[in-house]
Structures are given as C-alpha cells and as structure tokens.
Amino acid sequence: MDNKQLAEMLFPNVKLSTQEIEQNFPPRNLPPTAQVVRFAPSPTGFLHIGNFFTAFIDRLTASKSNGVFFFRLEDTDKKREVAGSELVALNMLKAYDILPDEGLMPNLTQIGNYGPYAQSQRTQIYLAYAKKLVANGKAYPCFCEKTDGKKEVIKKREQQLTQDGDIEEQDICRNLSYNQIEQNLKANLPFAIRLKSCGLPDQTIKFYDEIRGERELHVNCKDVILVKNNGTPPYTFAHPIDDHLMGTTLVIRGEDWFPSLPCHLEITKALGFAPPKYAHTPNLCMIGANDNKLKLSKRMGASDMRFFIKQGYPKTAILEYLLNLANSGFELWRKNNPQLCYKEFPFSINKIGKSSPIFDLVKLDDVSKTIISKMNTETAYNNLFEWAKDNDEFMFNKIKENSDFVKKIVNIGREISKPRKDIAKWKDFETVFAFMFHAPTVFEWDTKFKSDIIKNVLLAFLKTFCILDSNEIFFGKLKDICAPLGFSSDMKIFKANSEKFLGNIADIACIIRTAITGKQDSPDLYTIMQILGKIECENRTNFAYNSL
RNA sequence: GGUCUCGUGGUCAAAUGGUUAAGACACCGCCCUUUCACGGCGGAAUUAGGGGUUCGAACCCCCUCGAGAUCACCA
C-alpha cells in the first residue's frame with residue numbers, strides 16, 4: 001500500500017479532484033492594487049465590537065483600493081452554532097452601512113461567484129484537499145480519543161505543567177503502519193486527519209504583517225487537526241483553502257490569531273498555495289466596571305454591538321470613533337474637513353497602532369455630541385423617531401401624540417452657529433428634556449433666598465407675564481421687576497456693590513427657571529416657555545408658588 | 001510554565017537618533033454669559049524601571065517589571 005491508496009481508503013466517497021475545484025474558482029480579474037478582504041465571523045449569537053471593528057477596517061480597505069469585501073460564515077462547528085447569528089451580524093453591518101460587496105447578504109441570498117459562502121456548505125471541498133494531502137504524504141489519519149471542550153484542555157494542560165513544564169502534542173498515530181491503519185478502519189474506528197508537520201523546534205520563519213511589520217516566529221511543529229473525526233474541518237484548515245479559492249489578498253483579523261499564523265502558513269504551503277498578506281488588528285478592550293485599569297479581553301467583558309443601538313448612538317459616531325482608534329490622524333482631518341464624509345478620509349491600514357486601545361465611552365460621547373449637535377432639526381428628529389420606534393416606548397408615544405411639540409424640543413439650541421451639545425445618544429433626550437414632558441414636582445431652589453422672596457419674585461413675574469412677548473420684551477420685564485424687589489438689573493453695578501442688593505437679574509431668571517423646570521440650569525428659558533405655552537407656564541409657576 | 005505581542009499624561013495618541021515631547025477627550029482656572037451648555041484663553045499631567053551604545057535616545061541593544069494573547073477534533 002502507498003499513500004495514494006491510503007487516501008482512497010480513507011475517503012472512498014470523495015470523487016472531486018482539487019484540479020476540478022480550482023477550475024471553479026478562477027483568479028479574480030482585478031487591478032493589482034485592489035485588495036480582496038473578508039469578514040468571516042462564526043455564528044456565536046452576537047457581534048462583538050472588536051469583530052465589528054475589523055469588519056469596518058475590511059470595508060474601508062476594500063473601498064479605498066477599489067477591491068472586494070466579502071462575507072463568509074465560519075459555521076463548521078455545528079455544536080456551538082446559535083441559530084440566526086449570521087443575521088445578527090449582517091443586520092448590524094447593514095445598520096452601519098458597511099455591508100460587504102459579496103457573499104452572504106442580510107436577505108440570506110449569496111452574491112458572487114466564489115461561493116458557497118458558508119463553510120458548512122463546502123465540506124466536499126475541504127475533504128478533497130485533505131485527501132490530496134494524505135496522498136502526498138503530508139497528512140495522516142489519527143485514531144486517538146479526542147479532547148473536547150476548553151475545560152478538558154485546561155485540565156490536561158495543568159497536569160502537564162506540573163509534570164514537565166512543557167506541553168507536547170502526542171502524535172502517536174503519526175507512525176502507524178498501513179496495516180494498523182487498515183485494521184482500525186475495518187474496526188470502524190472514527191478517525192481525524194492530522195497534518196504531518198515538517199517543522200523543527202528551532203526553525204524560524206520570517207513574514208511581514210501589514211500592521212506589525214517584519215516578524216520572525218518559530219515555525220509550527222504541531223501535527224494539527226485538518227479534519228475532525230466527524231468529517232468537518234476546523235478553522236485552521238478551512239481558512240487557507242477558502243481564502244485561496246476565494247482570492248483573498250489580505251486577511252484582516254484580530255491579533256488573537258497571531259500565534260497560529262506559522263501553523264496557517266505551513267498548511268498553506270503544504271496545499272501548494274501562495275499565502276495571502278496578513279494584517280492582525282489590536283483587540284479592543286473595555287475598562288473594568290469598578291474603575292480598575294485592567295485591560296479586559298473580549299472573552300471577559302461582553303461588548304455586544306446591540307448595546308450601541310439600544311443606547312441610540314448615531315451610526316457615524318460609532319464609525320468615526322472607531323476610525324479614530326484605527327488611524328489617530330482622523331481627528332485632525334475631521335477638524336480640517338468638518339463637512340466631508342468619513343469615507344473621504346485617507347485611511348491607511350499600516351497606520352493602525354500595535355497596542356490594544358481601551359474603548360473610551362467618554363470620548364465616544366464627545367464625538368457623538370458633536371455629530372448630533374451639527375444635525376439640523378429635521379435630521380435629528382428623524383433619528384430620534386427611528387430610534388424611539390424600536391427602543392423607547394414612552395418617547396415613541398410622545399412623538400405619536402404630538403410630533404410638533406417634540407420637534408420643537410429637538411430644535412432647542414440647534415441650527416445656530418454654536419449649537420448646544422446636550423445629547424450624546426438618543427436615550428439621553430428624554431432625561432435631558434425630562435422637564436418638558438413632566439411638570440416638576442420638586443424644585444431645586446437657590447438656597448440663598450428665603451421662600452417669601454422667591455414667592456414675591458414669582459408673583460411679580462406672573463403679573464407682567466405675556467406669552468406673546470418677544471425675547472427682548474420678556475427679558476426687559478424681568479429687569480423691570482428687579483428694582484421694586486431690591487434686586488439689581490445690571491450685572492456690572494451688582495458686582496461693584498453686591499452688598500446693596502438682595503440679588504441680581506440672573507437670580508430673578510434663575511428663580512423663574514426653577515419654577516418652570518425644577519432646576520437651576522436649563523437651555524434658554526424664553527424658548528422653553530414659548531414651547532410650553534401660556535397655560536402650562538402659569539400652572540407651573542402657580543404650583544411652584546404653592547409648594548413653598 | 002512555553003511561545004509571542006505590547007508598554008509615551010487618567011484615556012486615545014503624534015513625534016522613524018536632533019528645538020521647550022504635538023493634538024484630542026476628561027480634569028482645573030479665567031473670559032463670554034440671565035442659568036447650564038457652546039465657544040475662547042490658560043493650567044496641571046506622560047516616554048514603566050535600570051544599565052549600555054552615541055556629541056545627542058521615547059526611538060538602537062541588554063536586563064528587570066507590568067499588561068495582553070496563545071498553547072482544543074472552538075473560531
């Protein structure tokens with residue numbers, strides 16, 4: 001018996017040759033500068049911000065190079081699959097307008113000539129290559145009992161550490177004779193296929209990473225699994241085959257893949273493929289809840305993209321914040337080009353930093369506040385509406401009841417040269433403008449005034465209040481009530497002789513503001529009163545008066 | 001434990017051996033101002049530590065320390 005016969009014995013039902021497969025995946029006809037990149041998530045049920053980050057980098061890289069961005073589902077492990085995960089991921093890409101050009105789409109159709117784009121549908125392809133490797137003596141069957149699950153692996157590793165300080169894979173099946181293999185097969189023993197690694201312990205391999213630059217690592221020495229004993233491949237085998245056949249030119253993926261790169265390179269070489277370029281992106285970290293400064297890995301801190309949707313961050317805020325993490329020059333560019341779309345920014349994958357950045361929600365809020373503050377009323381209102389529809393029943397009902405009222409609130413401090421920055425996310429809207437929706441029942445009065453003084457101010461205000469007044473007249477009337485109450489209507493005079501007055505014009509305005517909103521700080525008082533209307537203003541003032 | 005990666009203010013970071021180590025967020029102060037925001041001006045704050053090479057080091061070399069990743073028939 002020889003290896004060719006062995007391959008036939010192991011895979012009698014695999015008739016497809018690798019040559020036939022290659023014919024179905026012709027090289028792409030693209031200009032040499034075009035990058036073909038892919039986003040290849042596994043269906044775990046949610047989309048992590050770090051994965052989203054790499055997908056965004058994929059989208060930018062393909063667009064900038066006039067290349068192709070495709071989506072491939074890595075669903076070879078059916079045990080772990082969460083149904084519908086691909087839709088969660090794809091809908092998120094759609095929501096942020098960074099959909100791929102090719103592959104699986106949100107309507108679950110597949111676009112492109114390099115499919116199928118779900119690995120579970122490509123088993124025959126992987127098996128054909130596995131068969132070829134066995135025939136060439138580069139892989140062999142393994143009948144060992146399998147280790148299954150992370151707990152078992154950790155336990156086994158701990159045992160090995162106490163014994164000899166190093167972890168060695170035992171490849172006892174590597175030297176099985178053809179006879180032994182034949183007997184095992186006759187006994188119907190399940191088998192996996194392992195790579196017959198050519199690596200020696202002290203050999204190194206040089207390669208270039210688009211983000212990390214020139215590197216030298218130890219070669220792979222492990223006889224890794226290529227086909228599991230259930231007949232499906234692990235990622236390690238599927239990735240080189242798919243990215244070769246699909247014409248990927250640049251593999252962009254998280255840095256947690258970095259250590260397995262030598263292994264992937266050896267498999268790629270064994271298969272006879274030219275390796276793609278690689279770019280390993282730093283992992284995004286979140287800061288600990290109890291203010292510790294530990295960087296948390298993605299496995300420790302959940303950071304589901306749906307969080308940002310539920311909070312109501314504008315999609316460009318998320319994208320621009322992430323873009324700034326990727327290329328910090330974006331900030332300056334944005335300052336110099338306030339009107340341009342982020343897509344115009346000269347993104348460069350080589351300028352991505354090497355260390356893992358902490359995702360800073362405070363900074364995100366700042367980016368987001370600026371973006372929201374620049375929206376015109378119509379856009380802001382539409383954004384609020386779309387968000388409330390799915391995420392906030394109270395606000396959605398308010399909009400349905402009286403959309404003009406809500407629109408007027410949205411308009412506060414907007415469409416002016418120095419717009420207010422009150423809102424970082426649409427969820428803030430209700431809290432920032434709570435006083436517009438609920439008349440205050442508690443009042444944060446300025447404690448330096450006794451209640452009878454406050455009452456006098458409110459009475460004087462009510463006597464002259466007219467909703468039809470212009471801002472100038474309204475404020476002029478407030479000035480007029482100053483002197484009789486012992487207040488100063490001129491701030492400069494007050495500052496020079498503060499001991500001669502009970503208070504000043506600012507205090508008068510503050511008392512009325514507190515009566516109307518319950519708080520000492522708010523957006524422009526006149527605007528608020530105009531929106532609330534005559535009756536509401538009078539009712540609120542009377543209620544405040546009676547509560548004293 | 002092995003291997004690998006990364007360490008510049010609280011955070012994101014610029015500065016490829018050559019001015020006083022940019023800028024942004026956050027913080028503090030002042031100005032503007034009927035409050036709060038916005039805006040403007042200013043301030044405090046960083047090359048993890050120790051050696052070496054050099055006229056000169058954040059940058060090159062070595063050691064130490066810290067953090068992270070990885071070491072599955074998961075991806």
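Everything numeric in this text was worked out from a predicted model, so none of it was measured. Letters A, B, ... are given to chains in the order of the sequence lines, protein chains preceding strands, and every chain is numbered from 1. Because only heavy atoms are used, hydrogens play no part in the values below, and waters and symmetry mates are left out as well, while side chains stay in.
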Whole-Å distance between [N] [atom2] and [X] [atom1]?
X: A/Leu364; N: B/rA24; atom1: CG; atom2: C1'; answer: 14 Å
X: A/Asn230; N: B/rA72; atom1: CG; atom2: P; answer: 18 Å
X: A/Tyr140; N: B/rC73; atom1: OH; atom2: P; answer: 11 Å
X: A/Asp202; N: B/rG2; atom1: CG; atom2: P; answer: 16 Å
X: A/Glu255; N: B/rU70; atom1: CD; atom2: P; answer: 9 Å
X: A/Asn327; N: B/rA13; atom1: CG; atom2: P; answer: 11 Å
X: A/Arg334; N: B/rC25; atom1: CZ; atom2: C1'; answer: 17 Å
X: A/Phe237; N: B/rA72; atom1: CZ; atom2: P; answer: 19 Å

Applying a 4.0 Å non-hydrogen cut-off, can you work out what [X] is touching in the nucleic acid: base, sugar-phosphate, or nothing?
X: A/Ser328; answer: sugar-phosphate
X: A/Gln520; answer: base
X: A/Leu217; answer: sugar-phosphate
X: A/Asn229; answer: base
X: A/Lys519; answer: nothing
X: A/Thr76; answer: sugar-phosphate
X: A/Asp507; answer: nothing

>> Let me confirm one number: the CZ-OG distance from A/Arg253 to A/Ser260, rounded to the nearest 0.5 Å.
In response: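 Here the rounded value is 5.5 Å.
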> Atom CD in A/Glu145, atom CG in A/Leu189: separation rounded to 0.5 Å?
Replying inline: 11.5 Å
>> Assess whether a salt bridge exists between A/Glu331 and A/Lys363, defined as any Lys/Arg side-chain N lying under 4.0 Å from an Asp/Glu carboxylate O.
In response: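 Salt bridge present between A/Glu331 and A/Lys363.
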> Is the shortest distance from a Lys or Arg side-chain nitrogen in A/Lys78 or A/Glu81 to a carboxylate oxygen in the other one below 4.0 Å?
Replying inline: yes
When rounded to the nearest Å, what value does the distance between [atom1] atoms of [N] and [M] take?
N: B/rA57; M: B/rU70; atom1: P; answer: 38 Å
N: B/rG7; M: B/rA58; atom1: P; answer: 16 Å
N: B/rA22; M: B/rU54; atom1: P; answer: 29 Å
N: B/rU20; M: B/rC4; atom1: C1'; answer: 39 Å
N: B/rA24; M: B/rC63; atom1: P; answer: 39 Å
N: B/rG18; M: B/rC36; atom1: P; answer: 47 Å
N: B/rA26; M: B/rG40; atom1: P; answer: 13 Å
N: B/rG52; M: B/rC74; atom1: C1'; answer: 46 Å

>> Set out, in order, the CA-CA distance, both residues' side-chain angles and the distance that settles side chain to side chain contact (heavy atoms under 4.5 Å, CB included) for A/Asp446 and A/Thr514, then state yes or no.
In response: CA-CA 9 Å; A/Asp446 188 336; A/Thr514 308; over 6 Å; no
State the pairing partner of [N]; accept Watson-Crick or G-U wobble contacts with both distances under 3.5 Å, and report none otherwise.
N: B/rU35; answer: none
N: B/rU47; answer: none
N: B/rU20; answer: none
N: B/rA72; answer: none
N: B/rU5; answer: B/rA67

When you measure from the side chain of [X], which nucleotide among [options] comes out closest?
X: A/Asp360; options: B/rC73, B/rU11, B/rC38; answer: B/rU11
X: A/Ala506; options: B/rU34, B/rC6, B/rA72; answer: B/rU34
X: A/Lys418; options: B/rA72, B/rC73, B/rG39; answer: B/rG39
X: A/Glu331; options: B/rG23, B/rA75, B/rA37; answer: B/rG23
X: A/Lys421; options: B/rU5, B/rG39, B/rG7; answer: B/rG39
X: A/His218; options: B/rU3, B/rA24, B/rA14; answer: B/rU3
X: A/Asp366; options: B/rC12, B/rU70, B/rA26; answer: B/rA26
X: A/Lys222; options: B/rC25, B/rC71, B/rC73; answer: B/rC71
X: A/Pro259; options: B/rC74, B/rU70, B/rC6; answer: B/rU70
X: A/Arg215; options: B/rC12, B/rU5, B/rA69; answer: B/rU5

> Under 5.5 Å between ring centres and under 30° between planes: true for A/Phe475 and the base of B/rU34?
Replying inline: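 Yes, A/Phe475 stacks on the base of B/rU34.
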> Ignoring hydrogens and angles, does a donor from either the side chain of A/Lys363 or the base of B/rA24 sit under 3.5 Å from an acceptor on the other?
Replying inline: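 Side chain to base: pair present.
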> So does A/Arg194 reach the base of B/rC73 with its side chain, donor to acceptor, closer than 3.5 Å?
Replying inline: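 No, the side chain and the base share no sub-3.5 Å donor-acceptor pair.
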> Under 6.0 Å between ring centres, would you say that holds for A/Phe433 and A/Phe429?
Replying inline: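 Aromatic pair counts; centres sit under 6.0 Å.
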>> Check for me whether the distance between the ring centres of A/Tyr321 and A/Phe359 falls short of 6.0 Å.
In response: yes
Is the shortest side-chain N/O distance from [X] to OP1 or OP2 of [N] below 4.0 Å?
X: A/Lys351; N: B/rA13; value: no
X: A/Lys79; N: B/rC74; value: yes
X: A/Lys354; N: B/rA13; value: no

> For RNA chain B, whose closest nucleotide is more 5', that of A/Leu325 or that of A/Ala509?
Replying inline: A/Leu325
> Starting at the 5' end of RNA chain B and moving along, which residue's nearest nucleotide shows up first, A/Ala40 or A/Ile505?
Replying inline: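 Of the two residues, A/Ile505 wins.
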> Picking from A/Phe39, A/Tyr342, A/Phe347, what satisfies ring-ring contact (aromatic ring centres under 6.0 Å, His included) with A/Phe56?
Replying inline: A/Tyr342
> Heavy atoms, side chains only, cut-off 4.5 Å: are A/Ile193 and A/Cys142 in contact?
Replying inline: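 Not in contact.
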